[in-house]
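All values below were derived from every heavy atom in this structure, side-chain atoms included, with hydrogens, water molecules and symmetry-related copies excluded. It should be emphasised that the depicted structure is a prediction, and the values quoted were computed from it without experimental measurement. Chain identifiers are assigned alphabetically (A, B, ...) following the order of the sequence lines, protein sequences preceding nucleic acid strands; residue numbering begins at 1 within each chain.
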There are 4 protein chains.
Amino acid sequence: MSLLQNVYNLESEVRSYVRSFPTVFEKAKGYKIFDTNGKEFIDFFAGAGALNYGHNNPLFKKKLMEYIMNDNITHSLDMATVAKDKFMVRFNDVILKPRDMEYRIMFTGPTGTNAVEGALKLVRKVTGRENIISFTNAFHGMSLGSLALNGNFAKRRGGVPLHYTVHMPYDNYFGEALDTLSYLEKYLEDSGSGIEIPAAVILETIQGEGGLNSASIEWLQGIEKLCRKYEILLIVDEIQVGCGRTGSFFSFESAGIRPDIVCLSKSISGYGLPMALNLIKPEIDIWSPGEHNGTFRGNNLAFITATEALSYWVNEDFSREIQDKAKIIHGVLKAITTEFTEVPMTVRGRGMIQGLAFDISGFALRVSAAAFERGLLIETSGSKGEVIKLIPPLIIDEEGLQAGLSILRESIKICIDNLRCEV
Amino acid sequence: MSLLQNVYNLESEVRSYVRSFPTVFEKAKGYKIFDTNGKEFIDFFAGAGALNYGHNNPLFKKKLMEYIMNDNITHSLDMATVAKDKFMVRFNDVILKPRDMEYRIMFTGPTGTNAVEGALKLVRKVTGRENIISFTNAFHGMSLGSLALNGNFAKRRGGVPLHYTVHMPYDNYFGEALDTLSYLEKYLEDSGSGIEIPAAVILETIQGEGGLNSASIEWLQGIEKLCRKYEILLIVDEIQVGCGRTGSFFSFESAGIRPDIVCLSKSISGYGLPMALNLIKPEIDIWSPGEHNGTFRGNNLAFITATEALSYWVNEDFSREIQDKAKIIHGVLKAITTEFTEVPMTVRGRGMIQGLAFDISGFALRVSAAAFERGLLIETSGSKGEVIKLIPPLIIDEEGLQAGLSILRESIKICIDNLRCEV
Amino acid sequence: MSLLQNVYNLESEVRSYVRSFPTVFEKAKGYKIFDTNGKEFIDFFAGAGALNYGHNNPLFKKKLMEYIMNDNITHSLDMATVAKDKFMVRFNDVILKPRDMEYRIMFTGPTGTNAVEGALKLVRKVTGRENIISFTNAFHGMSLGSLALNGNFAKRRGGVPLHYTVHMPYDNYFGEALDTLSYLEKYLEDSGSGIEIPAAVILETIQGEGGLNSASIEWLQGIEKLCRKYEILLIVDEIQVGCGRTGSFFSFESAGIRPDIVCLSKSISGYGLPMALNLIKPEIDIWSPGEHNGTFRGNNLAFITATEALSYWVNEDFSREIQDKAKIIHGVLKAITTEFTEVPMTVRGRGMIQGLAFDISGFALRVSAAAFERGLLIETSGSKGEVIKLIPPLIIDEEGLQAGLSILRESIKICIDNLRCEV
Amino acid sequence: MSLLQNVYNLESEVRSYVRSFPTVFEKAKGYKIFDTNGKEFIDFFAGAGALNYGHNNPLFKKKLMEYIMNDNITHSLDMATVAKDKFMVRFNDVILKPRDMEYRIMFTGPTGTNAVEGALKLVRKVTGRENIISFTNAFHGMSLGSLALNGNFAKRRGGVPLHYTVHMPYDNYFGEALDTLSYLEKYLEDSGSGIEIPAAVILETIQGEGGLNSASIEWLQGIEKLCRKYEILLIVDEIQVGCGRTGSFFSFESAGIRPDIVCLSKSISGYGLPMALNLIKPEIDIWSPGEHNGTFRGNNLAFITATEALSYWVNEDFSREIQDKAKIIHGVLKAITTEFTEVPMTVRGRGMIQGLAFDISGFALRVSAAAFERGLLIETSGSKGEVIKLIPPLIIDEEGLQAGLSILRESIKICIDNLRCEV
């Protein structure tokens with residue numbers, strides 16, 4: 001029986017990406033990943049954003065192996081360990097202090113949804129309110145608390161009704177026809193609107209799963225202003241777009257806002273290891289001990305690689321690199337939109353999370369499949385899967401980037417040619 | 001600033017075990033753990049049950065290092081990898097087939113509560129019903145779906161009302177005065193009881209957090225029978241007591257029952273790495289692709305050590321060892337209850353999860369603190385923290401076991417002596 | 001087209017009693033009701049308990065006509081009127097003061113379920129808690145708040161999940177095998193039980209819809225004691241069994257308890273007119289003005305007849321009469337159980353709400369139908385409709401009572417004879 | 001003790017209108033109401049819309065007295081009676097048939113909120129969906145199901161969270177800046193909006209409690225169109241503005257829409273007696289017998305007066321009269337807005353439910369109090385009580401109308417003069 005066959009016999013139907021990328025992977029390095037047949041793929045998928053620093057980054061790997069070799073603590077629940085201590089100090093020194101951010105670090109269960117669940121509990125405790133304002137096309141996780149925040153119906157199925165969430169229009173949701181900030185304020189200030197002042201507003205600066213809609217700087221600032229005015233807490237979910245994806249460590253830096261809670265996961269460990277944390281303003285850190293706990297909050301292997309990963313942020317070089325590559329991506333995507341006019345498409349996103357939204361149902365899926373055949377891993381996004389989404393490792397070199405973009409262009413071309421044949 | 005001071009300045013108030021065990025740990029091996037001062041502790045806490053095979057088990061460690069060294073896939077979401085494939089095949093061969101169990105494996109986000117959330121979604125989808133029967137003093141996790149199942153109020157705080165759960169009396173909850181099985185059936189068969197037929201019953205065979213209450217074989221069989229009769233699905237949460245804790249791989253094997261879903265986490269990776277999975281009967285594996293997903297379902301480092309850990313289960317030797325050590329524990333605990341009659345106490349639990357329930361409020365906490373001073377890590381359990389709970393690594397040798405039990409006895413003695421002085 | 005045909009063409013499928021009693025009624029007097037064919041029925045149904053003083057009681061009718069004739073206020077929302085004033089003063093003088101009861105009167109929308117909704121809002125406001133303890137086989141109304149309290153599944157269908165209710169076992173629910181008071185207390189005192197201290201306990205002293213289960217005096221006293229001990233409010237729903245149905249004005253008088261809220265409706269107007277009210281202990285009367293309002297709180301026609309109806313309660317005569325008639329009913333029912341041994345049956349209820357529970361599915365329905373044919377209106381009760389329930393007007397004379405009981409006996413006999421034939 | 005003193009001693013704090021109108025009323029006739037001191041008031045409040053035909057309409061009164069005198073059925077639960085039969089036939093003949101409307105009549109508990117609760121249950125049953133789209137500033141009742149639909153926070157307090165409702169912007173909610181129909185459709189058609197297709201949309205054509213906001217004909221038609229397109233049921237709550245308030249029997253007639261359910265109460269009995277009903281399209285009348293029941297569905301006294309009230313609708317005369325009076329009201333109100341420019345105010349509403357919205361907080365309340373002193377009953381509306389609302393009996397003659405309007409003008413003048421003095 002082939003390895004892939006085992007998957008189909010033994011793994012639950014819930015398996016997902018193995019269907020889009022039907023092969024068995026064995027090794028990986030940087031922006032490349034290899035299957036058991038030795039076939040090489042350029043990885044523009046990057047563990048759905050968990051591999052900003054690439055696969056098996058050699059710097060991190062060395063530290064990781066040393067740590068394991070020396071029988072340091074692997075598992076620690078939330079007891080204190082040297083590895084955790086070093087991570088916290090380094091994170092504070094490299095990330096928080098230079099940005100003049102004073103936050104407490106909360107280690108939640110090591111997945112994004114655990115972090116969001118923790119954030120929800122805390123804002124409800126702090127405010128004594130229950131409702132959360134989330135946005136159209138938001139995605140925040142798959143456990144019951146997070147589920148209610150999601151916009152996409154396919155990501156809202158929990159078998160029970162979902163409550164305590166109001167889905168307000170995201171920036172630009174109704175185009176020019178609606179100033180979504182004023183609209184939100186109208187609901188907040190009108191005592192007859194049916195919408196009570198919520199515990200918190202939760203948002204992504206770019207909706208990674210929701211189709212790469214990006215919020216403008218003005219909108220982010222406006223939301224923060226409303227939050228302050230109406231004494232609402234502000235949670236920014238940086239799980240997918242934090243850790244440098246947009247060029248700065250936090251995606252909201254350019255807006256100059258100060259969320260009350262920041263959720264981090266995915267690339268925070270740097271090596272794709274399970275890890276998640278919340279940054280919490282000290283004045284709202286009113287948790288009782290163990291009020292939100294879990295067995296794997298102390299994944300020390302992740303702390304080791306996470307600490308190393310912070311080296312990328314000691315100066316501005318990495319940021320500039322990302323912005324340069326972002327421009328390359330944008331240029332190529334723009335060029336594609338003008339090259340192929342038969343299929344209407346628009347460029348979405350910013351930084352190194354960009355994509356193309358196609359106006360033909362199912363088209364992005366075809367592009368992804370064609371790219372896979374040609375050695376490029378790339379996934380789709382949006383509530384109808386209408387966007388092809390590029391999230392290459394941030395450390396990819398220009399050659400790799402151009403190679404991947406080239407396969408993407410070619411895959412789009414092929415798909416358009418096929419469309420013509422069908423007609 | 002001392003390392004511990006960093007924790008107090010940088011980590012959220014939610015931190016918990018660092019308060020019970022106020023030191024910074026650095027290294028660990030087998031059943032021993034060492035802090036930065038070189039102080040050695042016998043570990044009867046074992047990562048709250050995540051370290052059944054001890055810290056940094058050398059067999060697993062070797063495989064882990066090789067895997068990392070060779071740049072094999074670390075992160076894979078739920079794409080197919082060689083490591084995942086091997087784990088699934090091995091798990092099927094060593095655990096499922098010999099027990100004549102046909103189940104599909106679902107990798108959830110790598111924490112226990114993610115697995116429980118997945119189980120809840122599935123039973124609701126399969127049955128079209130929403131309610132779950134849970135039991136008094138149950139504990140199933142801290143995200144919003146799992147939270148509603150918990151009995152302990154301190155573990156039910158989510159800032160919003162919790163629904164869809166009926167807390168029925170666990171085996172022996174009301175002592176001899178109530179046959180809890182007949183009572184449950186009365187509610188199920190009476191169309192005026194107010195309790196609709198639920199989607200599922202979820203239970204722990206021993207309530208690890210709830211005070212080490214153990215269900216009898218007859219009770220487990222009775223519950224399964226009721227589930228079959230009323231077409232209710234049966235979920236067994238093996239997160240804390242599975243993976244050999246009671247002597248057999250699954251804690252329910254002696255009862256001969258066949259749950260519809262089995263939740264595994266904690267010790268499944270063998271190395272304390274984040275990992276969780278659900279075993280699902282094929283006939284209810286009706287998930288849509290990606291319906292319950294998450295970024296860290298493919299923690300390949302965990303698959304590597306988890307595969308190795310299965311070697312302990314290729315024959316009956318390990319089981320027998322555990323049972324022998326369980327007897328030693330039981331003997332010593334019994335002896336303690338007869339030695340110290342001033343403080344009424346009872347032995348609870350079975351296998352290598354046993355403890356002493358004290359009738360004096362706060363006493364178990366004092367014992368834990370006294371033990372810590374003397375070089376033993378041991379935690380409390382129960383809704384009032386009334387139980388001192390022993391969950392040493394299963395691989396502990398007799399010497400270590402006796403040494404730990406000895407410290408425990410001495411700590412109890414000291415605490416009783418102190419009580420006398422206070423009076 | 002016949003009149004009955006109109007009903008079937010024009011009225012919604014939700015119509016109910018017209019199906020059990022398929023004729024068109026025209027006139028009524030005391031315990032008799034007549035259809036358009038002039039057929040006379042003895043009414044043991046009494047508007048489901050709304051006609052304790054019989055149909056069109058001549059004393060009340062005279063006052064009602066005078067009031068209408070003089071163009072007194074018919075509708076008043078909750079403005080003050082002479083009619084409302086007089087009712088409140090008289091109710092206070094005749095009912096409350098002599099029983100040493102100090103309560104405020106709250107007029108809710110004029111149906112039982114409106115009163116229960118008001119009670120629920122208030123106990124939640126007073127305690128800041130959300131959950132209510134209700135009992136197996138309870139019935140408290142059909143709007144969304146009340147619906148959640150019901151035990152019977154057929155009376156719990158609202159199209160949305162129902163929450164905030166825990167269904168504890170009613171007195172004797174599990175027979176001798178369970179002391180339901182101690183059991184309830186176990187859940188209240190155990191911080192791991194999963195059941196938080198609720199805002200209130202709501203109960204009926206006899207479950208009118210739930211099968212005529214009666215609570216003992218000791219049980220009612222025990223519940224009150226638990227409520228005081230755990231600072232839980234006590235609501236007694238007297239909608240069906242208050243206003244003299246059990247012999248005393250309130251059904252709970254013999255238990256000497258003092259509920260925090262008493263819900264009254266059905267017979268409170270005395271004439272079958274829509275009216276409902278809550279009696280509220282002054283110390284919890286913390287409503288904001290209009291916080292629970294509605295257009296028909298000031299049904300002045302009902303106030304007029306309600307005031308007159310209180311004349312029955314100025315001395316003990318009426319109580320004694322009811323008790324005498326209750327004995328007659330009990331005697332006849334007992335005799336029936338010994339006469340017809342083929343169908344196992346038991347007498348249920350007390351006062352002038354008694355019935356027979358039959359052990360054969362559908363039998364009570366047959367008896368009701370046979371009685372209708374023979375000129376007796378009588379309905380069924382219980383979650384499976386297993387009880388034939390007698391609630392004749394309290395003012396029925398002995399002749400009428402015996403005549404009705406006679407038809408009942410005969411109907412049972414016929415149904416048993418028919419059973420024999422079927423076999 | 002004065003009568004009013006009794007109210008303050010015996011009635012719950014929840015009492016409301018007795019605070020705005022602090023006197024004891026005794027008699028009433030047509031558009032006049034008299035207190036115990038013989039003081040006469042013109043009634044522009046009309047039982048909050050329950051007295052469209054005036055107090056104690058002599059035609060209805062005669063029929064009512066005959067019916068009572070003859071010992072016809074007063075209370076009937078939902079058994080068939082001659083009175084109910086005649087009402088249904090007459091309603092069908094006078095109201096439904098001429099408008100080509102085929103509907104089934106459902107008698108709910110006799111209050112508006114009971115009708116709305118029934119409508120909610122049915123749309124959820126028919127569609128299998130749970131959510132309802134309601135609108136900003138909506139008001140639909142005070143029991144738990146209806147409560148969730150309300151916009152005004154003061155009318156949403158039930159002591160538990162309210163769910164299953166999405167508050168969309170009502171017509172013109174965001175002024176010219178938003179086309180609320182397109183906006184609603186965007187949410188319905190976008191599978192990522194977070195708002196599932198609901199069971200129903202519920203609306204008032206004029207928001208009687210919410211500040212007299214009126215929906216345009218185009219908006220009502222647009223909503224109906226969206227409902228048909230997305231297979232959503234449409235409920236129109238005509239409790240306050242039906243029964244002729246706007247000129248036609250149903251307020252939605254001019255829009256030509258066909259709601260799936262129409263809720264009627266308040267003025268349907270014509271005499272201020274408790275009564276409520278739902279009109280249900282036959283194809284969705286899938287109720288089980290008794291699925292939404294209650295004791296007072298058969299208020300036969302109300303059926304008698306309700307049947308008589310239909311005489312007003314046998315031709316167009318009454319409609320025309322109402323429209324003429326509406327013009328008078330509009331003219332006077334417009335004149336007031338131009339006469340007193342110190343206080344910015346706007347005319348709201350249409351037909352015989354119109355009012356003035358003042359831009360000064362608390363001003364409308366002052367006007368109401370000043371009017372009461374001068375012999376005019378008139379209430380306020382809007383989430384901040386910012387609107388003075390005129391709902392005189394439809395049968396008021398021109399003299400009465402002018403007299404009332406005159407007092408209103410004078411009261412506004414006085415209040416403005418007082419404002420000047422305060423400054």
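When heavy atoms are compared at a cutoff of 4.5 Å, B:Ile132 does not approach chain A at all. With a 4.5 angstrom heavy-atom cutoff, B:His292 touches chain A via backbone and side-chain atoms both. The contact between B:Ile73 and chain A is made by backbone and side chain atoms together, counting heavy-atom distances below 4.5 Å. Looking at A:Phe21, only its side chain comes within 4.5 Å of chain B, counting heavy atoms on both sides. Residue A:Asn70 touches chain B through both its backbone and its side chain, counting heavy-atom pairs closer than 4.5 Å. With a 4.5 angstrom heavy-atom cutoff, A:Thr81 touches chain B via backbone and side-chain atoms both. Using a 4.5 Å cut-off between heavy atoms, A:Ser76 makes no contact with chain B at all. At a 4.5 Å heavy-atom cutoff, the contact between B:Thr23 and chain A is made by backbone atoms alone. Contact annotation for A:Asp285: both backbone and side-chain heavy atoms come within less than 4.5 Å of a heavy atom of chain B. Both the backbone and the side chain of B:Arg15 have a heavy atom closer than 4.5 Å to some heavy atom of chain A. Contact annotation for B:Asn278: neither backbone nor side-chain heavy atoms come within less than 4.5 Å of a heavy atom of chain A. Proximity to chain A involves both the backbone and the side chain of B:Met69, based on heavy atoms less than 4.5 angstrom apart. Of the two parts of B:Phe91, neither the backbone nor the side chain holds a non-hydrogen atom closer than 4.5 Å to a non-hydrogen atom of chain A. For a residue to count as touching a neighbouring chain, one of its non-hydrogen atoms must lie under 4.5 Å from one of that chain's; by this rule B:Leu122 does not touch chain A. In this structure, chain B has no heavy atom under 4.5 Å from any part of A:Lys62. B:Pro282 does not touch chain A: none of its heavy atoms, backbone or side chain, sits under 4.5 Å away. For B:Leu277, no part lies near chain A; criterion is any non-hydrogen pair under 4.5 Å. A:Asn293 touches chain B through backbone and side chain together, each having a heavy atom under 4.5 Å away.
Residue B:His75 holds its NE2 atom at 12.0 Å from CZ of A:Phe25, rounded to the nearest 0.5 Å. For the atom pair CE of B:Met79 and CZ of A:Phe41, the computed distance is 9.5 Å after rounding to the nearest 0.5 Å. Note that CG of B:Asn299 and CG of A:Asn299 are 7.0 Å apart. Values are rounded to the nearest 0.5 Å. In this structure, CE in B:Met106 is found 11.5 Å from CD in A:Glu13, a value given to the nearest 0.5 Å.
A:Glu291 places no side-chain N or O within 3.5 Å of a backbone atom of B:Val14 that could act as its donor or acceptor partner. Looking at B:Lys121, its side chain never comes within 3.5 Å of a backbone N or O of A:Gly159 through a donor-acceptor pair. Side chain of B:Asn56 to backbone of A:Asn72: a donor-acceptor contact under 3.5 angstrom is found. Looking at B:Asp71, its side chain never comes within 3.5 Å of a backbone N or O of A:Lys29 through a donor-acceptor pair. Proximity of a side-chain donor or acceptor of A:Asp78 to a complementary backbone N or O of B:Ser16 within less than 3.5 Å is detected.
Annotation: maximal heavy-atom pairing with chain B below 4.5 Å, among A:Ala80, A:Ala148, A:Gly112, A:Ala154, occurs at A:Ala80. Interface remark: of the candidates A:Phe34, A:Tyr67, A:Tyr103, A:Phe45, A:Phe45 forms the most heavy-atom pairs closer than 4.5 Å to chain B.
At a threshold of 4.5 Å between non-hydrogen side-chain atoms, the residues A:Leu10 and B:Val89 count as touching. Using a 4.5 Å heavy-atom threshold, the side chains of B:Met88 and A:Glu11 count as touching.
Within 6.0 Å of CD on A:Glu102 lie no more than 12 heavy atoms contributed by other residues, nucleotides or ligands. By the 6.0 Å contact criterion, NZ on A:Lys86 is open, its count of non-hydrogen atoms from other residues, nucleotides or ligands being 12 or less. Summarising the local packing, NZ of B:Lys63 is surrounded by 12 or fewer heavy atoms from other residues, nucleotides or ligands at distances under 6.0 Å.
B:Leu64 pairs in a side chain to side chain contact (heavy atoms under 4.5 Å, CB included) with only one of the listed residues (A:Leu64, A:Thr74, A:Ile68), which is A:Ile68.
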